[in-house]
Amino acid sequence: MAQNTTIDQKVDSLLSLMTLEEKVGQMNQYNGFWDVTGPAPEKGNAATKYEHLKKGWVGSMLNVTGTEEVRKLQKLVVEESRLGIPLIFGFDVIHGFKTLAPIPLAEAASWDMEAIENSAKIAADEAAAVGLNWTFAPMVDISRDARWGRVMEGAGEDTFLGSKIARARVKGFQGNDLSQPNTIAACAKHFAAYGFAEAGRDYNTADIGTSTLYNVVLPPFHAAVDADVKTVMNGFNILNGVPVTASSFLQHDILKEKWGFDGFVISDWASIMELVPHGHAKNLKHAAELAANAGSDMDMEASAYVTHLVNNVKEGKVSENTVDDAVRRILKVKFELGLFDDPYRYCDDTRQKERLYHEEHQAGVLDMAKKSIVLLKNEGNLLPIKKDQKKIAVIGELANDDNSPLGSWRIGSDNNTAVSVLEGLKKYTKNISYAKGPKVFNSDANFITEVTVNETDTEGIKEAVALAKESEMVIMVLGEHGFQSGEGRSRTELDLPGLQSQLLKEVYKVNKNVVLILMNGRPLTIPWEAENIPAILETWQLGTQTGNAIAEVVFGEYNPSGKLPMTFPRSVGQVPIYYNHYSTGRPGAQPTVFWSHYSDEKNEPLYPFGYGLSYTSFDYSNLKIDASDQKNIEVSVTVTNTGKIKGEEVVQLYIHDKVASITRPVKELKGFQKISLAPNNSKKVIFTLTDKELGFYNHNYEFVVEPGEFDIMVGTNSQQGLHDSFIKN
Ligand code: GLC
């Protein structure tokens with residue numbers, strides 16, 4: 001553990017004053033589910049929790065926001081409990097608080113670490129302004145399954161990109177000085193393998209091998225720990241038979257011992273209680289024992305520790321040293337946040353007035369949103385649209401929606417605060433007419449209820465088709481509702497919900513000049529669209545500045561530069577599908593059926609990982625490898641902008657370790673650089689491959705680099721590029 005003697009000494013001296021009950025109290029987090037500004041609750045759960053706060057039996061609150069509310073509870077604890085240990089206030093600030101950034105999967109499509117870090121910094125500024133000092137983000141779960149609703153919350157399917165993004169987000173939230181009042185503690189979650197839920201069904205079993213665990217799942221968490229993340233959250237899933245909340249292997253052996261993590265582990269929402277339905281704990285008392293001994297330092301909302309841990313210690317089932325270790329970790333973070341110096345440091349009414357929805361934040365999330373957009377197709381350069389373009393039809397319920405594009409993790413923000421696509425487009429031209437088309441989603445969808453989809457009522461299609469027929473071009477805005485992805489939002493299909501495909505096909509029959517704008521929280525299966533529609537933009541859910549960002553791209557103010565962070569399947573039957581797969585023993589087509597394929601679908605995806613077009617074009621040449629220094633193998637390539645306008649390109653470097661003791665994927669991203677080039681300009685892009693990029697973890701979790709031939713590909717996505725190879729001695 002890094003020795004910051006001042007804080008460590010303070011922690012130890014405070015710990016020595018604490019009773020066992022007070023220590024356990026620090027390991028207890030409650031949800032602020034009552035009106036904390038009102039009178040003290042007199043009965044039921046709230047009254048009990050209120051009493052515990054006064055006794056100093058609560059270490060943290062979640063879902064309490066606003067300087068008035070935070071100050072009220074902080075005052076209660078600091079002034080009424082015996083030792084006055086301040087609370088730490090946590091919240092899901094996943095992609096913004098009031099001002100919403102694009103969903104994290106969209107941000108990942110930017111491959112722009114600076115923009116992503118800035119986006120987290122904006123989120124931290126607003127969260128801190130309302131009294132929060134801790135966010136339950138970044139979610140760093142790798143996933144290859146678009147059926148899983150929480151892919152919207154992560155960085156996609158790739159470990160290398162996911163690790164870079166984990167670091168950028170931690171740095172953005174925590175800044176360089178956690179005691180600053182506009183920085184907050186971050187939380188890498190969900191430790192671990194939650195994204196491998198079987199069948200993409202949320203909360204389902206994860207059962208993966210050690211190579212996938214060590215080489216795919218764990219590295220982004222390790223990157224967050226190396227970036228000094230202050231907290232880690234475990235999860236709801238079991239991993240290889242053991243609930244991760246009770247996994248000493250993950251939380252002690254890997255996280256705290258091997259990686260030297262010196263922050264604290266928070267459970268997921270009542271995940272300690274869930275050890276009972278998992279069939280891992282007999283009852284809540286047993287669950288408290290298992291979770292505490294496994295290294296879950298704080299109990300989110302299960303009341304397991306506050307009810308049973310003191311007795312577990314007294315009965316010798318949990319040692320007081322275990323409790324002391326957890327409490328030290330929690331107190332340390334509170335000291336680093338400056339909460340002991342000034343428990344009200346985050347309760348500044350003026351900051352709260354000034355920082356929320358600040359114009360600086362609008363500019364920051366607009367920049368992030370533009371960079372998150374991926375151009376999937378642009379046949380005949382239908383895009384960008386000329387500003388003097390005559391009659392433009394804008395069609396689709398989502399085009400006029402100022403709520404759904406906020407995405408699903410926006411519980412701190414206000415509904416209907418997004419700039420809609422229609423609003424954004426109208427800033428560029430008056431030649432726009434709008435038709436909603438058929439109803440798609442129930443308009444009162446919210447954070448906790450299922451979204452319902454209209455599958456039968458075709459009213460609105462005729463009117464939309466008529467408008468398309470008389471227009472020069474059509475902008476169709478189709479996709480998912482913001483609450484169709486996120487927690488608890490798994491789908492068995494990945495197509496456009498409801499009658500949207502029918503609408504698109506009917507419009508296309510009368511007007512071929514169609515620009516399809518997709519709004520979705522996960523990869524979708526759109527083979528017909530990809531085949532027939534001339535221009536397609538993947539815009540995800542872009543948050544508050546949605547319409548402005550999309551309009552800038554549609555009218556060419558910004559040349560799209562995004563690249564897919566997750567593979568788009570042709571059909572849901574291919575899922576899980578991802579670029580860094582193994583070869584198998586029968587990779588290629590054979591005259592018989594006895595090779596790895598489907599009888600009814602191609603193996604290839606619709607759009608591969610790393611794919612994205614530009615309004616300009618780029619040429620790759622002069623790929624060179626210099627392996628003379630085996631510790632720093634230099635790979636260089638020349639990239640030229642061969643088009644007519646300035647553009648950004650994400651130059652991607654992939655390796656393939658062709659023969660290894662543990663089979664390696666056919667391709668692995670091991671470097672990328674986002675460059676900007678004026679027309680006819682070239683740039684020599686240089687990558688350096690060290691053992692860190694060439695090695696992998698074996699079954700003993702030892703990092704090894706094995707000699708042999710490595711294939712290299714440098715290109716514009718995971719399928720297209722220049723190839724060469726070198727020998728690693
Ligand atoms: C949820 C999520 C977790 C979130 C927590 C608090 O169930 O799994 O990511 O941070 O509970 O809301």
Side-chain angles (χ1 to χ4, degrees), residues 28-33 58-65 87-97 103-105 120 123-124 127 130 132-143 148-155 166 169-170 173 184-197 200-206 217 220-221 224 229-239 243-245 263-275 277-278 291 296-304 407-413 446-449 483 485-490 521:
N28 177 37
Q29 180 188 63
Y30 281 149
N31 184 44
F33 59 86
V58 186
S60 170
M61 295 295 291
L62 81 145
N63 294 333
V64 173
T65 60
L87 294 164
I88 177 173
F89 290 84
F91 195 85
D92 291 289
V93 187
I94 308 298
H95 54 103
F97 183 71
I103 58 173
L105 187 63
V130 297
L132 295 168
N133 21 66
W134 179 23
T135 177
F136 306 126
M139 184 270 229
V140 301
D141 300 312
I142 296 294
S143 182
W148 190 50
R150 297 192 79 162
V151 294
M152 57 68 61
E153 197 177 341
R169 287 188 171 139
V170 168
F173 287 128
I184 58 178
C187 179
K189 69 186 186 181
H190 304 79
F191 194 62
Y194 182 28
F196 281 73
R201 199 176 78 233
D202 208 356
Y203 314 118
N204 201 8
T205 304
V217 169
F221 288 96
V229 72
K230 292 301 167 190
T231 70
V232 167
M233 181 184 292
N234 56 39
F236 296 120
N237 58 294
I238 65 172
L239 174 60
V244 297
T245 296
F264 68 87
V265 175
I266 173 87
S267 80
D268 203 337
W269 183 286
S271 64
I272 293 176
M273 176 280 294
E274 292 186 6
L275 298 181
H278 269 304
S296 294
D297 300 311
M298 187 180 278
D299 166 12
M300 179 188 285
E301 190 52 27
S303 297
S408 69
W409 267 118
R410 32 87 157 227
I411 46 180
S413 188
N446 63 47
F447 182 65
I448 56 174
T449 57
F483 287 123
S485 55
E487 184 176 353
R489 315 281 176 163
S490 299

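Below, each value reflects all heavy atoms present in this structure, side chains not excepted, and no hydrogens, waters or symmetry copies. Note that ligands are numbered from 1 as they come in the structure, with each ligand's atoms numbered from 1 the same way.
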Q: Start with the C-alpha gap between K189 and E153, add the side-chain angles, then the distance that decides, and say whether salt bridge (charged side-chain N to carboxylate O under 4.0 Å, His left out) holds.
A: CA-CA 10 Å; K189 69 186 186 181; E153 197 177 341; 3.5 Å; yes
Q.
Tell me every residue that passes side-chain contact (heavy atoms from CB on, under 4.5 Å) with T231, counting only those two or more places apart in sequence or in another chain.
A. W134, C187, F264
Q: Mind listing the closest non-hydrogen atom pair of D202 and W148 along with its distance?
A: OD1-NE1, 3.0 Å
Q: Taking all non-hydrogen atoms of both residues into account, name the closest pair between A193 and V217 and its distance.
A: N-CG1, 3.5 Å
Q: Return the orientation label for the W409 and F447 ring planes: parallel under 30°, perpendicular over 60°, tilted otherwise.
A: tilted
Q: Verify whether one side chain among T245 and N234 offers a donor that lies under 3.5 Å from an acceptor in the other.
A: yes
List ligand 1's nitrogen or oxygen atoms that come under 3.5 Å of a protein nitrogen or oxygen, with the partner atom and distance.
residue  : atom   : partner : partner atom : Å
ligand 1 : 7 (O)  : E487    : OE1          : 3.1
ligand 1 : 7 (O)  : E487    : OE2          : 3.0
ligand 1 : 8 (O)  : R150    : NH1          : 2.8
ligand 1 : 8 (O)  : D268    : OD1          : 3.2
ligand 1 : 8 (O)  : D268    : OD2          : 2.7
ligand 1 : 9 (O)  : R150    : NH2          : 2.8
ligand 1 : 9 (O)  : K189    : NZ           : 2.7
ligand 1 : 9 (O)  : H190    : NE2          : 2.7
ligand 1 : 10 (O) : D92     : OD1          : 2.5
ligand 1 : 10 (O) : K189    : NZ           : 3.0
ligand 1 : 11 (O) : D268    : OD1          : 3.1
ligand 1 : 12 (O) : D92     : OD2          : 2.5

